[in-house]
Number of protein chains: 2
Amino acid sequence: MYTEKKIENLLRQQGYKITPQRRKILAAITSVNEHMTTAEIYDKVCQEDPGIGLVTIYRTLDILTELGLLCEVHVGGNCRSYLMRRPVEHHHHLVCSECGTVVDFTDCDLSGLEDRLTKDTHFEINGHILEFTGRCRNCIVRAK
Amino acid sequence: MYTEKKIENLLRQQGYKITPQRRKILAAITSVNEHMTTAEIYDKVCQEDPGIGLVTIYRTLDILTELGLLCEVHVGGNCRSYLMRRPVEHHHHLVCSECGTVVDFTDCDLSGLEDRLTKDTHFEINGHILEFTGRCRNCIVRAK
DNA sequence: AGCTAAATGAAAACGATTTTCAATTGGCAG
DNA sequence: CTGCCAATTGAAAATCGTTTTCATTTAGCT
């Protein structure tokens, strides 16, 4: 689990400056346990600091993504890429196609499949995306 | 496997008209066994009919996607959604992060994982995305 | 306190996709 | 075969999310 402070130190270590804007962005991201789109993060930060530029959000999110502190959800017909909070450990998503709720899970044993694919295709596999889609409990109940 | 004719009939059945433009788009898509972006499909169709509008490509691809005759690849940092050919059968992708080559594979036994997730989360799971990323044989060789 | 490279915000640029709208056309009805 | 009308088309403009540009500000070392 990354605290705001830890992330700040990480940024400093990498030579990035700690600006008030970045502090607010970190505060926004770490305060929420849900997946958020860029726009949602922007909105949240704006509540604190209406003067902040959307560009700054993008730039900061880019840095955080590059450092592996954030990751993205790849789901949905239009393929909008949703940013989400702290992965660190390898994990996956279960996404409700009705309300967008995202549940994380970590264990996925794909090593057997990966081995077979490596053998068949001679690819050097270095990662995978695994996402389940469905309807969450709430949406099932609501539909009745 | 869908032939051009079969797709035309499917469209007709659904009340869509068969126009010369749509014929050319179908010809382009069915003639290629590779994954193509919208732009690539557009280019290909343009070789046949330079007058065709990109809009028409988009509209036709939307229809075909809705009818389940096409699907998309969800991979890559910027999450560009690549359109590709005829899925019909459930399948997955192995994508080279360097050159973009896509290899399909069909078998993925995720039923155990799916069962466990259903039990844990009470989601009604109805699908999944599984994509491996890596470097293809060519790119590995080239890098040496 | 002063300096400098990094960071910021506004505006413009951008690429992919969608909407608008007037003109055209496929395909059924007569 | 002909006419009609809703569906389809293409051009242009609009839109969306993201990136670039650039002049101004600022974090953080000296």
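Note on naming: letters A, B, ... go to the chains in the order of the sequence lines (proteins, then strands), and numbering restarts at 1 for each one.
Within the 4.0 Å cut-off from OP1 or OP2 of D:dT18, at least one side-chain nitrogen or oxygen of A:T38 is found. An OP1 or OP2 oxygen of D:dT18 is reached within less than 4.0 angstrom by a side-chain nitrogen or oxygen of A:Y58. Note on B:R22: a side-chain N or O is less than 4.0 Å away from OP1 or OP2 of D:dT8.
One interatomic measurement links the two molecules: CG of B:D62 to P of D:dT9, which rounds to 12 Å at whole-angstrom precision. If you take CD1 of A:I52 and C1' of D:dT26, they are 14 Å apart, rounded to a whole angstrom. Regarding A:L54, its CG atom lies at a distance of 11 Å from the C1' atom of C:dG9, rounded to whole Å. Rounded to an integer number of Å, the gap from A:I25 CD1 to C:dT8 P is 7 Å. Rounding to whole angstrom units, NZ of residue A:K24 and C1' of D:dT26 are separated by 13 Å. Atom CG of A:L64 and atom P of C:dA7 are 12 Å apart (whole Å). One atom, CG of A:L61, and another, P of C:dA7, lie 15 Å apart when rounded to the nearest Å. Note: OH (B:Y42) to P (D:dG10) measures 9 Å, nearest angstrom.
A 4.5 Å side-chain heavy-atom check between B:I25 and B:I52 finds at least one atom pair inside the cut-off. Looking only at side-chain heavy atoms (C-beta outward), A:L64 and A:L26 come within less than 4.5 Å of each other.
Rounded to the nearest 0.5 angstrom, A:L61 CG and A:L70 CG are separated by 6.0 Å.
Considering only the side chain of B:R59, D:dT9 comes nearest among C:dG9, D:dT9, D:dT18.
Of all the residues in residues 11-21 of chain B, B:Y16, B:K17, B:T19, B:Q21 reach under 4.0 Å from DNA chain D with at least one non-hydrogen atom.
Remark: B:R116 pairs with A:D107, B:D120 by the side-chain hydrogen bond (donor to acceptor under 3.5 Å, both in side chains) rule, at least two apart or across chains. With sequence neighbours excluded, the residues satisfying salt bridge (Lys or Arg N to Asp or Glu O under 4.0 Å) with B:K5 are B:E8.
Contact record, B:I29 with B:M36: CA-CE, 4.1 Å, taken as the closest heavy-atom pair.
Axis orientation changes by 30° from one end of the helix from C:dA1-D:dT30 to C:dG30-D:dC1 to the other, with each end axis drawn from 5 pairs and the value rounded to 10°.
Using the six-membered ring where Trp is involved, A:F105 and A:F132 have ring planes that are tilted, between 30° and 60° apart.
The side-chain hydrogen bond (donor to acceptor under 3.5 Å, both in side chains) analysis of residues 40-56 of chain A, with sequence neighbours excluded, yields the pairs A:K24-A:D49.
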Let me have the donor-acceptor pairs involving side chains of residues 13-22 of chain A, under 3.5 Å, with sequence neighbours excluded, atom names and distances please.
residue: A:T19; atom: OG1; partner: A:R22; partner atom: N; Å: 3.1
residue: A:R22; atom: NH1; partner: A:K17; partner atom: O; Å: 2.9

